[in-house]
2 protein chains.
Amino acid sequence: MAITIADIAREAGVSISTVSRVMNNTKPVSPELRERVYEIIEKNHFKPNALAQGLITKKTNIVGVVIPDISNPVFGALTKGINSVCTKKGYTIMVCESGGEQEQEMKLLDVLEDKQTDGVLFAGVDINQVLVDAMLKKQYPVVLVTQESAVEENVIDTVTHDNVRAVYDATKFLLDNGHERIAYLGGPKHDFSSGKKRLKGYRMALEEAGITVPDSYIEQGEFSFQSGYEGMKRLYEENSILPTAVVAGSDLIAIGGIQFLNSVGVSVPDEISIIGFDDLDFATCLRPELSTVRIPYFAEGEKAAKELIKFMTGSKEKAATHYVPHKIIRRGTTRAKSK
Amino acid sequence: MAITIADIAREAGVSISTVSRVMNNTKPVSPELRERVYEIIEKNHFKPNALAQGLITKKTNIVGVVIPDISNPVFGALTKGINSVCTKKGYTIMVCESGGEQEQEMKLLDVLEDKQTDGVLFAGVDINQVLVDAMLKKQYPVVLVTQESAVEENVIDTVTHDNVRAVYDATKFLLDNGHERIAYLGGPKHDFSSGKKRLKGYRMALEEAGITVPDSYIEQGEFSFQSGYEGMKRLYEENSILPTAVVAGSDLIAIGGIQFLNSVGVSVPDEISIIGFDDLDFATCLRPELSTVRIPYFAEGEKAAKELIKFMTGSKEKAATHYVPHKIIRRGTTRAKSK
DNA sequence: TTGTAGGCGTTATCAA
DNA sequence: TTGATAACGCCTACAA
């Protein structure tokens with residue numbers, strides 16, 4: 001049986017309240033008693049039961065983190081950033097994997113409420129009205145990370161990157177380098193921010209340049225190596241006139257695509273330029289190194305956690321959307337098109 | 001203010017105990033009352049406060065997971081496996097990052113005790129006597145994952161892979177393929193399982209083959225791309241007679257090493273064969289694809305979680321060490337040496 | 001089958 | 001400055 005505050009009180013010959021006071025510095029205690037109590041506490045390695053504390057203070061110092069996939073490096077970096085500031089501020093994170101499925105997401109929102117989580121950082125895939133409503137009903141504040149909600153903005157605080165703009169910039173980068181036949185190899189259609197928004201950015205840039213894209217230049221699938229490989233294969237087989245450049249929805253997709261091109265003897269970047277998205281650590285392990293759009297996921301996680309803490313400590317009330325800056329990283333898989 | 005069991009009881013016109021009973025199915029309740037109570041619960045979306053429950057039942061359904069680095073793909077896979085079985089069994093995981101530093105590890109062990117965690121899965125770097133003693137003193141059971149303790153065996157239950165044997169096998173594989181000048185590019189010296197043990201496996205295999213290794217054939221550093229690059233560079237610069245094969249302590253190291261060799265025009269595998277360790281998803285994204293030793297981290301996580309659950313549910317008492325099987329994966333970066 | 005009441009380990013309120 | 005004592009929300013003997 002673990003030692004309790006009562007044991008300490010008895011041994012020190014003081015009341016329970018006094019022990020509580022020296023632990024929390026909540027009210028003055030005479031130096032003499034304070035010293036005595038401290039000693040007994042140290043001696044017994046006494047640690048208050050966080051459950052009992054939480055029951056009464058309504059604070060657990062636990063932050064829930066909901067992500068689609070624990071082993072995805074993007075979420076790894078994000079979670080690391082989140083954990084970094086949480087730890088610094090005395091919070092411990094509870095990581096939950098949703099698989100990107102709404103049913104599971106809803107369930108996790110409940111579980112985290114049961115556990116009396118002080119707040120939740122939520123990285124979803126398609127944050128619709130149902131999900132938003134559920135979040136709003138919870139006792140804890142939630143801030144969305146990496147993905148904005150698909151419904152009305154600024155109802156729930158959000159920390160993300162500008163997906164539309166980022167892919168727009170990537171596409172523009174290719175355009176500025178003389179490319180005109182630019183294809184798109186993207187993620188899931190139902191993925192709001194990372195799927196739809198990125199595609200939108202691609203379309204915007206081309207439209208602005210007055211270029212019409214044939215449907216066969218747009219492939220969507222999963223955010224995976226395999227999917228990139230297959231998407232590129234379809235692109236290759238279904239187009240008699242190949243693009244000179246490809247915008248990928250993620251680095252993994254880009255790498256898969258490059259792999260396919262290699263397999264059929266198409267040179268990257270000599271014949272086709274390709275730019276990824278995310279800037280995984282791995283991007284520089286390839287030869288040529290992968291050109292990409294860098295998203296600072298670690299920093300995004302940090303910022304989101306800081307934002308959430310503001311809400312949890314009551315120093316902030318109003319939801320807003322915060323963007324973390326992206327950056328085009330020019331490396332070896334893209335080159336200017338010689339006219 | 002959240003709704004409590006008392007509110008439900010009042011609204012249903014029954015006692016608190018009855019509500020508790022219908023929720024936990026702990027004692028018979030008449031169908032009539034059961035129905036009535038259920039309705040009120042549903043209607044109010046009532047969820048019992050896990051803190052209050054835990055305070056009395058001494059069970060939180062929380063499992064602590066301590067890992068050195070959240071964004072390391074190896075730990076990502078491990079954590080995913082852990083979470084997979086935990087979720088299935090009704091546990092939620094609390095992920096803590098130690099940075100591989102003992103001070104932080106000790107602290108986390110305390111934090112997890114405060115939170116009344118039911119059990120802890122611990123992935124350390126150098127699990128020495130101090131750490132083991134601390135674990136033994138905790139109220140919760142802990143099982144070590146991925147890394148055995150550096151002290152007496154079978155004091156704490158362990159689920160891992162056989163590091164010595166795995167690298168021994170990798171080295172043997174090279175030996176069997178006709179290589180004789182085999183170098184080693186490993187991880188940190190202070191890393192017990194992944195550093196020391198792997199090196200040991202390498203040494204064993206060569207010794208057994210009656211081959212003496214010059215010190216200059218052994219390089220140790222971090223488990224990173226960068227470190228692999230630099231280690232290979234030293235190997236290259238400090239040896240007038242180059243090895244014909246290299247055993248790497250991790251895939252990242254291997255990839256870094258290959259990158260260096262490419263940069264100086266040494267062909268892999270034509271001039272030098274190289275075999276990695278881990279089998280990251282990324283291994284097949286390279287060209288040539290990386291030969292490596294596959295460690296089933298996801299399965300390891302699953303197994304460790306299952307093991308821990310046995311301890312938490314009291315269906316097991318005695319600590320043991322369990323090994324998950326590794327496998328040599330022959331791909332493109334190794335080839336037989338022509339005599 | 002149902003209800004009453006005590007207790008889990010803290011914090012917080014109120015007297016002293 | 002210190003100490004009782006009532007919460008916090010729930011489970012669980014023990015009674016009825």
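Chain identifiers are assigned alphabetically (A, B, ...) following the order of the sequence lines, protein sequences preceding nucleic acid strands; residue numbering begins at 1 within each chain.
Side-chain proximity of S30(A) to dT2(D), dT12(D), dG9(C): nearest is dT2(D). Each of dG9(D), dT10(C), dT12(D) was ranked by its minimum atom distance to the side chain of L55(A); first place goes to dG9(D).
Taking D110(A) as the reference, K138(A), K47(B) meet the salt bridge (Lys or Arg N to Asp or Glu O under 4.0 Å) condition, with sequence neighbours excluded.
The existence of a salt bridge linking K303(A) and E300(A) is excluded, since no basic side-chain nitrogen approaches an acidic carboxylate oxygen closer than 4.0 Å. Between R36(A) and E39(A), no side-chain nitrogen of the basic residue sits less than 4.0 Å from a carboxylate oxygen of the acidic one, so the salt-bridge criterion is not met. For D69(B) and K80(A), the salt-bridge test passes: some basic side-chain N is under 4.0 Å from an acidic carboxylate O. Salt bridge annotation for K316(A)-D157(A): present, with a cationic side-chain nitrogen under 4.0 angstrom from a carboxylate oxygen.
Within the model, atoms CD1 of I93(B) and OG1 of T87(B) stand 7.0 Å from one another, a figure rounded to the nearest 0.5 Å.
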For nucleotides 3-7 of chain C, list the nitrogen or oxygen atoms of the protein found under 3.5 Å from its nitrogen or oxygen atoms, one pair per line.
unit_1	atom_1	unit_2	atom_2	d
dG3(C)	OP2	S15(B)	N	3.0
dG3(C)	OP2	S15(B)	OG	3.2
dG3(C)	OP2	T18(B)	OG1	2.7
dG3(C)	N7	R21(B)	NH1	3.1
dG3(C)	N7	R21(B)	NH2	3.4
dG3(C)	O6	R21(B)	NH2	2.4
dT4(C)	O4	S17(B)	OG	2.8

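Among the heavy atoms of the strands lying under 4.0 Å from K47(A) are primed sugar atoms or P, OP1, OP2 only; no base atom is included.
With rounding to whole Å, N25(A) atom CG is found 13 Å from dA12(C) atom P. Following rounding to the nearest Å, R10(B) (CZ) and dG9(D) (C1') show an atom-to-atom distance of 13 Å. The nearest whole Å value for the distance from the CD atom in E113(B) to the C1' atom in dG9(C) is 14 Å. Straight-line distance from the CD atom of Q116(B) to the P atom of dT10(C): 8 Å, rounded to whole Å. With rounding to whole Å, D7(A) atom CG is found 11 Å from dC8(C) atom P. Distance, L51(B) CG to dA7(D) P: 20 Å, rounded to whole Å. Look at CD1 on I5(B): it is 15 Å from P on dT2(C), rounded to the nearest Å.
Under 4.0 angstrom from either OP1 or OP2 of dC11(D) there lies at least one side-chain N or O belonging to N24(B). The side chain of Q53(B) places an N or O atom within less than 4.0 Å of a non-bridging phosphate oxygen (OP1 or OP2) of dC11(D).
Side chains of Q102(B) and N128(B): a donor on one and an acceptor on the other come within 3.5 Å.
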